[in-house]
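Written below as structure tokens is the structure these notes are about.
Note on naming: letters A, B, ... go to the chains in the order of the sequence lines (proteins, then strands), and numbering restarts at 1 for each one. As a basis for the values below, the full set of heavy atoms in this structure was taken, side chains included, without hydrogen atoms, waters or symmetry mates.
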2 protein chains.
Amino acid sequence: MTRSRSRLANDSWESLLTAHAALMKRFAAEPIWGEVSMREYDVLYTLAKHEGPIRLFELGRGVLLSQPALSRLVERLAERGLVERTPDPEDGRGLRLGLTAAGREAQRRVGGRHAVDVARAVADVLTDEEMRQLESIGRKLAGAQAPAQTRTTSKEAVL
Amino acid sequence: MTRSRSRLANDSWESLLTAHAALMKRFAAEPIWGEVSMREYDVLYTLAKHEGPIRLFELGRGVLLSQPALSRLVERLAERGLVERTPDPEDGRGLRLGLTAAGREAQRRVGGRHAVDVARAVADVLTDEEMRQLESIGRKLAGAQAPAQTRTTSKEAVL
DNA sequence: TTACGGTAGATGCAAACGCATGAACTTCGA
DNA sequence: TCGAAGTTCATGCGTTTGCATCTACCGTAA
């Protein structure tokens, strides 16, 4: 008998989780996190990717942290001179976050070494085809996750 | 020009990370984590899956936590009567961890509801084919992650 | 047997986190 | 135009985490 779609979905999610945990552990064990921690790097990378001032709550979308935790993490990075926080002229409540020169440099330095480790871990195991599939699947999964729509009317087979 | 394998590997890993964060946020927002937190559920689920006594450090493989954090998390679960810790008769250093009846019941209760959310999030977005691909890719990635072998001799294109 | 290196968990402590809430500002309807 | 509701970020506080270290035990070899 074939697995139900629900079962298949849960199995594939568990597989993603397991892979995530295994790779994160491997990367965490690499000796490149002296300057910035993995979580800090996550923030620096997101800021580097956007290349323009970004709001705190936008940053929060990509980072798996609560809003207060992110607020204080950014505060620490600012105190260390890696991130710049300026009030948003167009919205008195908000901040505009950006990397300082030192922050950008740190991101590049750590990112370069991290990318080597990622390449080793992933490219040694997957074919080009699989990597492309993973990229596509991840994009689809991340794309449609407004945090809890109740728009579904279809009855679904549960496990 | 085609992306280098290293670039492809990094892009696909970023995609996995983004999907992971988006889905975790969505699941965390679901109103099912009153009884046990997500991390606690992770431990209960792992114990339920194994179905036999398991060692703490084995548990640690699957869970993204430091050894001391896991040790204390298990301690708390034991105090709440969800997990049973008994000394391992075959190894005086070790523990044998298992679910209590209450723990198993809690895992089933929360797990059932969580599975519904997972199915909604994943199966609504991916085809059966994609879910199977994701499962296979995740398995491959998780499989080969002994935390930092230096067995590679090939020169690799770095970014 | 006994010493020695290695492994499994536990513990002290400072750092970081999440939840609840607060302060400042924006937005929108009356 | 004015007040209520919503949004953005910060802060207080108790809980949890990670790092370093410690204790207890195992395995091996002299």
Closest to the Phe57(A) side chain, choosing from dT8(D), dA8(C), dC17(C): dT8(D)

Which residue, Pro68(B) or Gly94(B), contacts DNA chain C at a nucleotide closer to its 5' end, judged by nearest heavy atom? Gly94(B)

Length of the CE-P vector between Met24(A) and dG18(D), whole Å: 11 Å

In whole Å, what is the span from the CG atom of Leu70(B) to the C1' atom of dT16(D)? 13 Å

Interatomic distance, Glu40(A) CD vs dA15(C) C1' [rounded to whole Å]: 11 Å

Does dT16(D) have OP1 or OP2 sitting under 4.0 Å from an N or O in the side chain of Arg76(B)? yes

OP1 or OP2 of dC17(C) less than 4.0 angstrom from a side-chain nitrogen or oxygen of Ser66(A), does that happen here? no

Using atom CG of Leu73(A) as one end and atom P of dT11(D) as the other, report the distance to the nearest whole Å. 15 Å

Start with the C-alpha distance between Ser71(A) and Gln67(A), add both sets of side-chain angles, then the distance that settles side chain to side chain contact (heavy atoms under 4.5 Å, CB included), and finish with yes or no. CA-CA 6 Å; Ser71(A) 177; Gln67(A) 177 269 315; 4.0 Å; yes

Between Ser136(A) (side chain only) and Arg132(A) (backbone N and O only), is there a donor and an acceptor less than 3.5 Å apart? no

If you look at every strand shown and take non-hydrogen atoms under 4.0 Å, does Leu65(A) touch a base, only sugar-phosphate, or nothing? sugar-phosphate

No-H, no-angle donor-acceptor pair, Arg93(B) side chain to dG27(D) base, under 3.5 Å: no

Least distance between heavy atoms, Val118(A) atom then Ala9(B) atom: CG1-O, 4.2 Å

Quick one: Leu64(B) CG to dA16(C) P, roughly how many Å, whole number? 18 Å

Does any donor-acceptor pair link the side chain of Arg85(B) with the base of dG9(C) at a separation under 3.5 Å? no

For Arg96(A) and Arg39(A), find the nucleotide of DNA chain D closest to each by heavy atoms; which residue's nucleotide sits nearer the 5' end? Arg96(A)

Any base atoms under 4.0 Å from Asp88(B), or only sugar-phosphate, or nothing? Heavy atoms, all strands. nothing

Atom CH2 of Trp33(A) and atom C1' of dA16(C): how far apart are they, to the nearest Å? 18 Å

How long is the line joining CD of Glu90(B) and C1' of dT7(C), in whole Å? 16 Å

Can you say whether the rings of His20(A) and His20(B) are parallel (under 30°), tilted (30 to 60°) or perpendicular (over 60°)? parallel

Side chain of Gln67(A), base of dA10(D): donor and acceptor closer than 3.5 Å? yes

If you go through the side-chain atoms of Arg72(B), does one of them form a donor-acceptor pair with the base of dG9(C) closer than 3.5 Å? no

Atom CZ of Arg55(A) to atom C1' of dA24(C): distance rounded to whole Å? 13 Å

Applying salt bridge (Lys or Arg N to Asp or Glu O under 4.0 Å), run through Asp11(A) and Arg7(A) and close with a yes or a no. CA-CA 6 Å; Asp11(A) 286 349; Arg7(A) 179 64 194 264; 3.3 Å; yes

What nucleotide among dG9(C), dC9(D), dT26(C) has an atom nearest to a side-chain atom of Asp91(A)? dT26(C)

